[in-house]
Amino acid sequence: MSAVITKVKQKEIAQLIEKGKRLDGRGLTDFREIKIEQGIIERAEGSARVRLGRTDVLVGTKIEFGEPFPDTPTEGVLTVTTELVPLASPVFEAGPPDENSIELARIVDRGIRESKAIDTEKLCIEPGKKVIVVFVDVYVLNHDGNLIDASALAAMGALLNTKVPNYEVEDGEVKTTSGHTQLPIRRNPVTVTFAKIGGKLIVDPWLEEEQVMDARLSIAIDDDGNICAIQKGGNGYFEPAMILEAAKIAKDKAKEIRKKLGW
Amino acid sequence: MSAVITKVKQKEIAQLIEKGKRLDGRGLTDFREIKIEQGIIERAEGSARVRLGRTDVLVGTKIEFGEPFPDTPTEGVLTVTTELVPLASPVFEAGPPDENSIELARIVDRGIRESKAIDTEKLCIEPGKKVIVVFVDVYVLNHDGNLIDASALAAMGALLNTKVPNYEVEDGEVKTTSGHTQLPIRRNPVTVTFAKIGGKLIVDPWLEEEQVMDARLSIAIDDDGNICAIQKGGNGYFEPAMILEAAKIAKDKAKEIRKKLGW
Amino acid sequence: MSAVITKVKQKEIAQLIEKGKRLDGRGLTDFREIKIEQGIIERAEGSARVRLGRTDVLVGTKIEFGEPFPDTPTEGVLTVTTELVPLASPVFEAGPPDENSIELARIVDRGIRESKAIDTEKLCIEPGKKVIVVFVDVYVLNHDGNLIDASALAAMGALLNTKVPNYEVEDGEVKTTSGHTQLPIRRNPVTVTFAKIGGKLIVDPWLEEEQVMDARLSIAIDDDGNICAIQKGGNGYFEPAMILEAAKIAKDKAKEIRKKLGW
Amino acid sequence: MTDKPEKLIDKKGLRLDGRKPDELRPIKIEVGVISNADGSAYIEQGKNKVLAGIYGPREVHPKHLALPDRMVLKCRYHMAPFSVQERKSPAPSRREIELSKVIRESLEPAIFVEYYPRTMVDIFVEVLQADGGTRCASITAAALALADAGIPMRDIVVACAAGKAGDTIVLDLMDEEDKYGTADVPVALMPNLNAVTLLQMDGILSYDEFESAVNLAIEGCKKIYAMQKEAIRSKYASAKEEGEE
Amino acid sequence: MTDKPEKLIDKKGLRLDGRKPDELRPIKIEVGVISNADGSAYIEQGKNKVLAGIYGPREVHPKHLALPDRMVLKCRYHMAPFSVQERKSPAPSRREIELSKVIRESLEPAIFVEYYPRTMVDIFVEVLQADGGTRCASITAAALALADAGIPMRDIVVACAAGKAGDTIVLDLMDEEDKYGTADVPVALMPNLNAVTLLQMDGILSYDEFESAVNLAIEGCKKIYAMQKEAIRSKYASAKEEGEE
Amino acid sequence: MTDKPEKLIDKKGLRLDGRKPDELRPIKIEVGVISNADGSAYIEQGKNKVLAGIYGPREVHPKHLALPDRMVLKCRYHMAPFSVQERKSPAPSRREIELSKVIRESLEPAIFVEYYPRTMVDIFVEVLQADGGTRCASITAAALALADAGIPMRDIVVACAAGKAGDTIVLDLMDEEDKYGTADVPVALMPNLNAVTLLQMDGILSYDEFESAVNLAIEGCKKIYAMQKEAIRSKYASAKEEGEE
C-alpha cells in the first residue's frame, strides 16, 4: 500500500475517532458482532469457529500422549500453533510461520497458560514419563483485523468442548479405550485488544484501523477480573496513563463478553 | 525455452505423429532400446541401472531395521525417494525435492505398493515394534525423457537383486548375523507411459516429445495384466475413449517388456 | 569490494611483504598479540575468549549425556559448531551455517580430534548406550582475520576449564549429582595459519591480508611437535617446498604459543 | 483409529453408510464464502469439509516467473492439522505436494490461460476435515472458486472417484472404502467437452473393472456438475436480490 | 537445573540474592566494544551478559524491501548455545523470533526513521549468558549501540521489568523470580517523553498490583537511564582523551 | 560394517588388498559419459565409483552473483544414499559441504577464470559408491570433465592421497586404511606446474613422515595424470573414428 494513501486514511480515521466515531459506525470501545460455533470438526477432539465481523478463525484441538517437559514432570503439555494460510488474506504467504504468526500463537498461548485455564496437573499420566499433550491449532480463514481476540476466543471455545479419550497404561504404553472425558478447564480468559490512533484508544480494531494504528495493546483478563497476559505491538508507544486506562476498559469488556457467551 | 520455438517444434512433431512417425524413427507405440544392469553397486543391498535410450537411471536399495507404521503393524516399510541431481539435466536444481521429483517418487512407489510386489508381511520381525525397512533410492544420471518408466523398471530391477542380511533379535535389539536371504518379491509390475501429442497417443516419449506434449498418462500393469496404478500428468486432457485405448496398449507393452527382461 | 581496489591493495601488501614487512608492523612470522580469558561464562561447563589482535572469539562448552556413535561405542562424543553471527562482521549473514562456517568448525574439530586432545574413552558411561557428549560452540564476536587459529585456541582454552558434573546411573537413566570433575584433556594442539601473498608465506593473516592472499594453509601441531591436521584453503596453490617450509615454521610457532600460554 | 470393518458391502448390496453402489454422499456447496478472496467456494461431501479460495489474476511474484504469453497458475492443497485422525504437521507433506500438482493440472485445461499474460492466479485449497476423496472435493470447490473469481474457463471442472469395495464397483468412496477397498479411481471432468483432466488409480483392477469404474466416476461427475451449476445460480440470485432490495 | 526455592522473599523482606524489593541487580555497561560494527554496547545485569551491535544505515538487502520514505529497521535477538542451562540449538526458536519483533518495536518509536529513506539499519543482539530479563537488558544495550552508531533518536530507550514474587511487587526479576514468581512485567521507556515502547506481562496481577508494577518498572528504567548516559559520557571522554594525546 | 582388521600391513609388507605400499588401486577412467552435460567423466578407483559433470560456461543464476572480470565457479560434491554402508540422507551433510569447497578450491587454480567473465561453470560430482579417497577420485574425474567441456585450463588437476597405515607410509588409502590407519594426506596437483592445489591431513605424522607422505602422494598423482591423458586421447580417438566412418 502506498504510504501516501495510508497517511490520508490515517488522518480521516483519526479525525472520526477524535469525534468518538468509527468508519463502520461503532463506538470507540465497541466490539464487532461475535459469533461462535463449537464442535464443528468431528475429527478434532475439540473445535470452535469465531467470527468477529468478517474476521473468521477456526480452531481445532488434538489430544496425544507424550512426554512432559523436564521442568514440569507432573503437568500435561499445551502447544499452540497458528497458521496464517494464504487463503485468508492477500498479504499472507505460504511457508514456515513468520514473526506475526509466531507472535499471535505466543499471545494466544500466554493467555491460556498464564490464566491457568487448563488444569494441567490432571493431564499427568505417569510423572516424568507420560502426559496428555493438547495441541491447539489456530487456523485463520479470513483476516479482517484483530486476529488476536478472535483467535484467543476460538481457542478457549475449542478447549471448552475438547474431549479426552479414555485410556489405559499397559507395559508403559498408553492405549485409548472407548469413551472420553471432558478436558479439565478451570478458567475462561478473554483477551481485549486496543489500537492507538491519533492519541485515542479504540477496542477491536478492524483491518483498516490496524493499517493506520500507531500501536496495539492486548490484555487478557481472567474470570476474576485479574490481568493475566499483556502484549504491546506496533511501532508506536503508549503513555503510562493510557495503559492503565486500557487495563480498566479491558476488565469491563472481558466481563461483558464472558456474560454474552455464558462462560 | 522460448514459447515460439516450442510451438514450431510441437507442430513439426505432431505432423510426423499424424503420419505415424517419430523424429527418432520409432513407431508410435515403440519403446526405445532398454538396457538393464543389475547388482552394480556392491555397497547397496540391491541395485540396477536402466538405460532407456539416453535416459539413464540408477537405483540402489538399502535395508534397515525400524518401526512399522501404526496402521500396518505386521508389515515391513517401503520408502521410495528420487533425486533429480543437477548432473543429469540443465533444468534440475540442487536442493530439496520439487513437485516433479516428489511426483516421480510417488508414482514409482505406487506401482510397487499397489501391485503388492514385495511380500511385506514377511518383513515383520516383531509385530508393532520391529520390521525391515526397504529404501529404494532412485538416482537419475541423465534425463532424456520418460523418467517414470525408466525409474519404475530400475526400482524393480534393484528390488529383484536385493539381499536381506540375516539377523537375530536380542534384548529387543536386532543385530545382523552372517549371510543373507533374497528380498521376497511376488510381482513384477511394469509401468508404461504415454504422451498425447496433437490428439494422438505415443509410448515412451523422449525429451523433445515431453516438451511439446499436451498430457501424459502412466499405467502400471502387474504380472496378470491387471492395472495397478495410474497417473495423469500435464496441462492437457484425455477423452475417455483414449484412456481405455491406452490401458489396452499398456497391457500389451508391459507383457512385451516383461518377456524381454525374463521377468 | 571492488576488484580494482583489491588488486592495488594486493600489490601494496605484496611489495611490503617482499621487503619482509607488513602493514601493521609485524614481521612475516609474527602472531598478533594473543589474549585469553577463561571461565567467563558461568552457565557454560567451560568457556574461553581469545583475542588475536581485534579478532575476538568466544567458545562455550556444554556437557550432555547421549548415545555414542555406532562405530565407537566406548567413546564420548565431540561436537563442534561455529556461528559466524552477523554482529561480528558486515559480511556475515544470519541463517544456517554456510561453507565457511562449516569449514571452520571442521578444522577446529579436526585439530582436537586428530591430536586425541580429549581422552574420549573416559567419557563412556555404558558401552554402546550412554556416553558424555561435549559440545564446543565457537562464537565469533569480531572478525578481523585468522578465525581458524583464534577459534582453535579458544576451543582448547574452553575444554581445559570444562567441568563434567558428577552423575549416577539409575534404571538406565543418567542423573547428575552434586560436584564435578575436570574434563580429561591429554593434549593441547595449537593451529598455525599461513597466507601466501606474492609468493611469500606470512603467519596469522589479518583481515586485509586475507582479502588479498592467494591461498591459505593451516597446520595443527601437537605437544610433541607432530603434525595432526592440515587444511589448505583459497583459490591459489603452494609449491611442495613451501608446504614443507610452513610445516617447520608451524612447529616453532606452536611451541612458542604453548609456552606463552603455559600449556 | 477406525478399525477395519468386516465387510464393505452388506448382504443387501449396501455400503457401510447405507448407500447404494452408485450413490453419492450428501453434498453441500456454497460459493463466495471468503470476503478477502477474489473467488471462493466451500464444499461438504460426506464428512469432507473443504474450502477453496482464488487470488488473482495478480502480479507475478517473484517477477522473473512471469510468462509473456500466458498466466501462471499456482495451486496449494493443504490440510489443517486437525482435519485427520492423527494430528498432521503443518509443514507440507509429500502427499500434499503431489496433490497440489495434480489438482492444478486438472484445472489448468479449463482455463483460458492466454487471456491474462504476465499475471498469476493462486488456487488455495484448505481441507478442514478429511473423509476420503479430498482431492476430488478440492477440485470441485476450486473450479467453483475460479468461476466466482471470474476467471474465463471453457467449462467448470468437476471431480469424483469411483473404485472397488469388496467385489463391487462403487461411486464416491468414503474413508473406510478408500483404506480397505480394492481400488480407487479419482477422475476430473469437463462435462461439456467430455475431457478427463485428472485420472489416478490405486489398487488392482482388471481392464473391464477399470472401464466400469471410469464410466461410473464420469456419471458421478455429471451429477455433481448439476449441483455446481445450482450453487452458482443461487449465489447470483441472492446477489441479485440484494441488489434489488 | 536450579531447584525451586522455598521462598522468594525472606522474613526481612529481602530477596534470594539479598536485594530489597525495589533494588536493581548490579549493572555494568560499556559502549563501543565491537570494532567491526557501526555502533555497539555491552551490558551485564546480574548474570546477564548481552552484546548489541548496529550495522547501518546501509543499503537495503534484498533491494525490493527498500522504502521510499523511511529506513527499514531489522532486529535479531539471538542466544548463544551455551548461554542457558540446557544447550540451546543455534536455530532461532519461536521465542527468539517473538523477542526480535518486540525489541525492534520497542526501539523503533525512538528513531527518526524518516531521516534515512531507502536505507536499512540492523540491530544484532547476542545473549552470551541469560539470567532472567534478557529482553530488557537487550533493549538497554541496543539503544546504546544505536546511539554509538550515531542513529538520530528522540531519546535513549531503556528497559526494566517489575513483577510479583511471593506477595511482593519487586523490581528487575532474576532467573528464579522469573521462573517461580507470580508475574513479570517488562517495560521499555523513553524517559524524556514518558512513553512506554514495550509492555508485556506474564502471570496474574490485580489492577492495583499491575499499576504498582508498571510504576516500579518505570522507576527502574529511570535509574538505568542514568547509567546509560554515564556510559556514553565515559566513552566520549576516553575518545576525547585519546584524541588529545 | 567392516570390523577393524588386526593388521593393516602383513609380514611381507603387503596391504589388506595385497598391494605394495607405493601401489595404486586399479583405476578405470571414461570421458564423456553424460549426454546432457557439457563435459563429463567417470572414474573407478578401487571400489570408488564417481561421476563428474560440467554445465557451463552459462548464465549466472541468480544474476547478481555474476562477476565483471571472471567466471563464477561452483561445485557440488554429493553422495548417493546407497553409496555407503549406512544409508546416507540425501540432504547435504557438513562433510559434503566442506568437500564441495575444497574440491572447488583445488580445481580453480587451474582454470583461466578471466576468459569468461559474467558466466558460471557448475561442477557436479556424484559419488555412486565410496571406498576411501572419494575426494581425490572426485577431483581427478572433475578435472577431466572440465577438459571434456573445453574449459581453458593451465593443466589437468589430479589428486591422490598418501598416508600411514601401521608404521608404513602408503599410497592411495582404501576404506579400511582410511578408517583404521594413522594418517591420511590427500593431495591435488597440477603436475606441469609443480603446484599443490589441495592439501589436507588427518592423523598424526612427524615432520619426516609428512614429507615422505607428500612426496609419495605426488608420485601417485603423476601416475594417475598419465591415465587422465590416455582417457582424453582415447575419447578423441573414438570421436575421430566416428567422424571418419
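Just so it is clear: chains get the letters A, B, ... in the order the sequence lines come, proteins before strands, and each one is counted from 1.
When all heavy atoms of P109(E) and G236(A) are compared, the closest pair comes out as CG-O, 3.4 Å.
Under the 3.5 Å distance criterion, the side-chain polar atoms of E105(E) are left unmatched by any main-chain donor or acceptor of G233(A).
K223(E) NZ: more than 12 foreign heavy atoms inside a 6.0 Å radius. Dense packing is recorded around CG of N192(E), with more than 12 heavy atoms of other residues, nucleotides or ligands lying under 6.0 Å away. Heavy atoms from other residues, nucleotides or ligands lying under 6.0 Å from NZ of K88(E) number more than 12.
Note: D202(E) leads D184(E), N194(E), D202(E) in heavy-atom pairs under 4.5 Å with chain A. Contact count against chain A (heavy-atom pairs under 4.5 Å) is highest for E108(E) among E209(E), R104(E), E211(E), E108(E). Ranked by heavy-atom pairs shorter than 4.5 Å toward chain A, the options S106(E), A195(E), A188(E), P186(E) are led by A195(E). Highest contact tally toward chain E, considering only S218(A), G234(A), G225(A), A247(A), is held by G234(A) [criterion: heavy-atom pairs under 4.5 Å].
A salt bridge does not link E99(A) with K101(E): every distance from a Lys NZ or Arg NE/NH1/NH2 to an Asp or Glu carboxylate oxygen is 4.0 Å or more.
For the atom pair R70(E) CZ and N235(A) CG, the distance stands at 6.0 Å (nearest 0.5 Å). Taking CZ from R110(A) and CE from M201(E), the interatomic distance works out to 10.5 Å, rounded to the nearest 0.5 Å. Going from atom CZ of R94(E) over to atom OG of S101(A) covers 7.0 Å, rounded to the nearest 0.5 Å. Annotation: the span from D224(A) atom CG to S206(E) atom OG amounts to 11.0 Å, rounded to 0.5 Å. For the atom pair CG of L244(A) and CZ of F210(E), the computed distance is 6.0 Å after rounding to the nearest 0.5 Å. Note that the CG atom of D109(A) and the CD atom of E98(E) stand 9.5 Å from one another [nearest 0.5 Å].
The part of I218(E) that comes within reach of chain A is its side chain, from C-beta onward, which places non-hydrogen atoms under 4.5 angstrom from that chain. With a threshold of 4.5 angstrom between heavy atoms, I219(A) does not approach chain E through any atom at all. The parts of I204(E) that come within reach of chain A are both its backbone and its side chain, each placing non-hydrogen atoms under 4.5 angstrom from that chain.
In this structure, the side chains of V102(E) and Q231(A) come closer than 4.5 Å at one or more pairs of heavy atoms.
Checking each of L199(E), T197(E), V196(E), L189(E) against Y237(A) for a side chain to side chain contact (heavy atoms under 4.5 Å, CB included) leaves exactly one that passes, namely T197(E).
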